[in-house]
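Heads up, the thing below is written out as structure tokens.
Hydrogens, waters and symmetry mates play no part in the numbers below; they use all other heavy atoms, side chains included. Counting convention: from 1, in listed order, for ligands and their atoms alike.
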Amino acid sequence: MRSIALLNQKGGVGKTTTTANLGACLAMLGKKVLVIDMDPQANLSVHLGVDIHKLKYSVYNILTGDCKPDDVILNTKIQGLDIIPANIDLSGAEIELVGVVGRETVLKEYLGDILDRYDYVLIDCPPSLGLLTLNVLTLVREIFIPLQTEFFALQGVSKLLDTHEVVRKRLNKNLEITGIVFCMYTSRTRLCKEVIEKVKEHFAKDQVFDTVIRKNVKLSESPSHGKPIISYAPGSHGSEDYMSLAKEVVQQENSKKN
Ligand SMILES: Nc1ncnc2c1ncn2[C@@H]1O[C@H](COP(=O)(O)OP(=O)(O)OP(=O)(O)O)[C@@H](O)[C@H]1O
Ligand SMILES: [Mg+2]
């Protein structure tokens with residue numbers, strides 16, 4: 001089982017789009033995948049077709065210990081892809097958890113062994129480094145960082161790396177950054193290429209995915225249809241790019257074994 005947080009405290013960089021579409025593509029490759037929505041905006045849940053207004057339970061109820069993970073896990077329309085959804089209730093969790101002993105490890109504690117049923121667990125983080133994100137970073141082994149290929153993309157990355165170091169020291173010594181993924185790439189601009197070069201100078205070669213996600217209008221349309229890109233627009237660039245990313249993610253395991 002690989003557990004991966006999609007993390008960047010900068011908003012609108014492609015965390016949710018990557019969680020939904022990478023998850024769906026991995027499932028298409030025959031893997032068992034669980035995605036977890038840890039953002040009170042609940043964009044991931046909506047993207048994968050969950051009616052968030054009709055939920056009996058959400059990830060919030062797992063954090064408060066009100067129910068078992070099995071009560072919350074839903075199947076999606078993609079075979080092999082399950083989701084633990086969120087709704088607006090989650091916005092209160094950050095404050096409610098403050099007074100709880102072991103507040104950074106609540107998610108890990110309550111999810112327990114259910115994660116072992118899956119090949120991949122992908123967790124969509126909110127755009128902040130607060131308590132919800134700390135709960136994710138305590139649980140997972142890996143971090144993927146979606147980055148935009150624009151001038152401000154690197155702003156805030158050093159803060160993100162500091163957080164990684166602190167969590168590694170205090171809470172989760174196994175936590176590793178294993179994938180930088182560029183989202184919303186437009187090959188026409190020189191700036192895009194320059195940003196990619198700059199990032200490659202900062203990280204090890206095997207930490208940066210070769211696959212680059214191109215800007216593709218179908219990717220921005222698909223959430224409103226409640227479908228991942230492989231169902232909504234199978235022949236699109238977006239579909240092609242996320243499938244290529246999924247194959248590269250699977251490939252990471254083979255290169256580790258060698
Ligand atoms: N490759 C792409 N091409 C076109 N639009 C994209 C692409 N990737 C993401 N988008 C769109 O950009 C917006 C932001 O993406 P997304 O919601 O995935 O970012 P996020 O990092 O999860 O944002 P937040 O920090 O608010 O959670 C969305 O409207 C999404 O549909
Ligand atoms: Mg998001």
Answer yes or no: does an N/O atom from [X] fall short of 3.5 Å to an N/O atom of ligand 1?
| X | result |
| --- | --- |
| Gly14 | yes |
| Thr17 | yes |
| Thr18 | no |
| Lys15 | yes |

Numbering as shown, the atoms of ligand 1 that approach [X] to under 4.0 Å (heavy-atom distance):
| X | answer |
| --- | --- |
| Val13 | 19 (O), 20 (P), 21 (O) |
| Pro127 | 25 (O) |
| Leu219 | 1 (N), 2 (C), 31 (O) |
| Asp39 | 27 (O) |
| Asn216 | 2 (C), 3 (N), 4 (C) |
| Ser220 | 5 (N), 31 (O) |
| Gly11 | 25 (O) |
| Ile213 | 1 (N) |

Q | Separation between NE2 of His53 and CD1 of Ile88, rounded to the nearest 0.5 Å | A | 9.5 Å
Q) Do Glu104 and Arg170 sit within salt-bridge range, that is, some charged N less than 4.0 Å from a carboxylate O? A) no
Distance flag for [atom], protein heavy atom under 4.0 Å:
| atom | answer |
| --- | --- |
| atom 28 (C) of ligand 1 | no |
| atom 8 (N) of ligand 1 | yes |
| atom 2 (C) of ligand 1 | yes |

Q) Is it true that some N/O/S atom of Asn43, main chain or side chain, lies under 2.8 Å from the Mg ion (ligand 2)? A) no
**Q.** Cys183 heavy atom under 4.0 Å from ligand 1
**A.** no
**Q.** ligand 1 contact on Arg214 by region, counting heavy-atom pairs under 4.0 Å
**A.** backbone
Q. Around Asp113, counting heavy atoms of other residues, nucleotides and ligands shown, do more than 12 lie under 6.0 Å from its CG?
A. no
Q | Any donor-acceptor N/O pair, Lys227 side chain to Gly49 backbone, under 3.5 Å | A | no
